[in-house]
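Here's the structure, in structure tokens; my notes come after.
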There are 2 protein chains.
Amino acid sequence: MSLGVVLQVRDGVLQVLLWQRARAPFEGSWSLPGGYLVPDETLETSIRRHLADKVDVRELSHLEQLETLSDPQRSPQEWQLATAYLGLVPSELDPRVPSDTDWHPVDGLPALAFDHEAIVLAGRERLRAKLSYTNLGFALAPAEFTISELRDLYAAALGHDVSATNLQRVLLRRRVLEGTGRLRPPGPAGGRPGALFRFRKQTLEITDQFAVLRPPGPARVPVA
Amino acid sequence: MSLGVVLQVRDGVLQVLLWQRARAPFEGSWSLPGGYLVPDETLETSIRRHLADKVDVRELSHLEQLETLSDPQRSPQEWQLATAYLGLVPSELDPRVPSDTDWHPVDGLPALAFDHEAIVLAGRERLRAKLSYTNLGFALAPAEFTISELRDLYAAALGHDVSATNLQRVLLRRRVLEGTGRLRPPGPAGGRPGALFRFRKQTLEITDQFAVLRPPGPARVPVA
DNA sequence: AGAGTTTTCGCCCCATAGTCGTAAACCTTA
DNA sequence: TAAGGTTTACGACTATGGGGCGAAAACTCT
């Protein structure tokens, strides 16, 4: 079967989409959305199909495979293999979810069915790691944003403060962000209008090249 | 079913363990070792069991899950899910392998059965990436080694030259390596004896902390 | 006009990577 | 024993890029 860890930053907090089980085992407790495969179906197709009831597929800005769980004890009744996926939803969207489904802060989860808590935490770790060496932030952020807004998104996803100055310089240097010409008008409290940025690419790319593994030679990427 | 991409640096070249199929489909062509699960078996147990015929399990210095393949077209006959694992063997070992099994350089593979070529390349990419931001090198290297030997290992696995000076400084600073007191006597051509090093840990650890995701504050890890 | 807010940007420090050149330690051969 | 060749070790220098700070800019409101 396939399971989905769907994450979104809501109200400044990283949250996960959970579904309340209607049947035993673990009747009534919260669990990850997902379900069985049908014949000749890709795992990715399967999780997209199961998620379609919960979130509009077009609202998923990113979907990648996490891992496949196979512990014989993970389900109390039958031996069940499950492949977990990580899905991300941009923070400006508010998908309509069914009544048995709701968002829960990843810090402070209720008791989850099966091994789903560990899967959620694995998804959060994957997100945190990739935020640093890829452009995965595009999947959390709206189409346009100020640096302050992006800093709050990163802080929520990473779980600690982020320096806005640094974030801007680093992401610009890595050519992850680019400025639109536009400005965001200040709020009722006033303040200087913030410049609006966007991610250059909407697909996953590795932005960090490491020291020892970088091919030698004086040729360096031009700053352009 | 489970599949294993078992990599080792042999003769200064990154090689993968392949098995020649005895039955259709793809009879006679090379493929990854692996096979079906038995009930109540973990995927990791399964791949270890299937690999036991090829390589002594104790010779595997590292084993981690790569991904689960589910394309309905990946097997010409039946719909088949397969979970691929990446296994590593230290370069000083030379496992006895059956006659239908042999090592092949990852650069210059023969035509492989199913989608196995893509899986091998995915395994190589995982190795290359993790060599840079983890201590995964421990799984390729012998118990003790000189910096030159380690440099050759890294160069083979990464596919490009590596500076020995840099490699030593970086891995020492990250506290990935530590010096044993010993020296390796020079070869017949002479030369200064090389100092012997070892990896501090034999389990996977992340050694690189990234800029923007690093928690703020002046506190830095003491150089000790 | 002045006070309060928020964003922007320049400046400086420092940690670490990359390169190079020289010294050290060993072999073989004359 | 001296000289030349080979390999490793290590210091010096440079470049890059992150981290932090503070001042300036651009607003709103009173």
Side-chain angles (χ1 to χ4, degrees), chain A residues 131-133 144-152 154-155 158 160-177 179-197 207-224, chain B residues 131-133 144-152 154-155 158 160-177 179-197 207-224:
Chain A
L131 274 182
S132 61
Y133 65 93
E144 294 191 346
F145 45 84
T146 67
I147 292 296
S148 305
E149 293 162 2
L150 188 65
R151 168 175 55 84
D152 293 340
Y154 270 72
L158 293 174
H160 63 73
D161 282 356
V162 172
S163 150
T165 302
N166 228 13
L167 186 70
Q168 171 172 8
R169 247 185 320 118
V170 169
L171 294 187
L172 276 181
R173 184 191 305 265
R174 292 182 185 171
R175 313 213 49 181
V176 170
L177 297 186
T180 79
R182 284 187 288 281
L183 299 177
R184 154 111 54 231
R192 177 172 175 168
L196 287 171
F197 293 83
T207 66
D208 233 75
Q209 286 295 34
F210 288 91
V212 194
L213 73 45
R214 183 157 37 204
R220 200 61 63 90
V221 182
V223 188
Chain B
L131 274 182
S132 61
Y133 65 93
E144 293 191 347
F145 45 84
T146 67
I147 291 296
S148 305
E149 293 163 2
L150 188 66
R151 167 174 55 84
D152 293 340
Y154 269 73
L158 293 174
H160 62 73
D161 283 356
V162 173
S163 151
T165 302
N166 226 16
L167 187 69
Q168 172 172 4
R169 245 188 320 113
V170 169
L171 293 188
L172 276 181
R173 181 186 307 265
R174 292 182 185 171
R175 314 216 48 182
V176 170
L177 297 185
T180 79
R182 283 188 288 282
L183 299 177
R184 153 112 52 229
R192 176 171 174 168
L196 287 172
F197 292 83
T207 66
D208 232 78
Q209 286 296 35
F210 288 89
V212 194
L213 72 47
R214 183 158 36 203
R220 199 64 62 92
V221 182
V223 187

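Convention: sequence-line order gives letters A, B, ...; per-chain numbering from 1.
Residue A:Phe197 comes nearest to A:Gln168 through the heavy atom pair CZ-NE2, 3.6 Å, listed as atom of the first residue, atom of the second, then distance. Taking every heavy atom of both residues into account, B:Pro186 and B:Gly191 meet most closely at CB-O, 3.1 Å. The two atoms that bring A:Leu177 and A:Leu172 nearest to each other are O-CD2, 3.5 Å, heavy atoms only. Here the shortest heavy-atom pairing between A:Arg184 and A:Glu144 reads NH2-O, 4.0 Å. Closest of all the heavy-atom pairs between B:Arg151 and B:Val162 is CD-O, 2.9 Å.
In this structure, A:Thr146 reaches neither bases nor backbone, as no heavy-atom distance under 4.0 Å exists between it and the strands shown. Across all strands shown, B:Pro185 has no heavy atoms under 4.0 Å from either base or sugar-phosphate atoms.
Atom CG of A:Leu177 is separated from atom C1' of C:dT8 by 15 Å (rounded to the nearest Å). Residue B:Asp161 contributes atom CG, which lies 14 Å from atom P of C:dG18 at whole-angstrom precision. When rounded to the nearest whole Å, the span between CZ of B:Phe145 and P of D:dA9 equals 12 Å. Rounded to whole angstrom, the span from the CG atom of A:Leu171 across to the P atom of D:dG17 amounts to 14 Å. As a whole-Å value, the separation of B:Ile147 CD1 from D:dA9 C1' is 10 Å. Atom CZ of B:Arg192 is separated from atom C1' of C:dC26 by 10 Å (rounded to the nearest Å). Distance B:Leu183 CG to D:dT7 C1': 13 Å, rounded to the nearest Å. When rounded to the nearest whole Å, the span between CG of B:Asn166 and P of D:dT16 equals 15 Å.
Closest to the side chain of B:Pro193, from the set C:dG10, C:dT16, C:dC26, is C:dC26.
OP1 or OP2 of C:dT7 lies within a sub-4.0 Å distance of a side-chain N or O belonging to A:Ser148.
Nearer the 5' end of DNA chain D, as judged by each residue's closest nucleotide, is the contact made by B:Phe197, out of B:Phe197 and A:Pro186. Residue A:Ala189 is the one, among A:Ala189 and A:Ala164, whose nearest nucleotide of DNA chain C lies closer to the 5' end (criterion: closest heavy atom).
Counting distance only, with no hydrogens placed and no angle test, the side-chain atoms of A:Arg169 and the base atoms of D:dG19 include a donor-acceptor pair under 3.5 Å.
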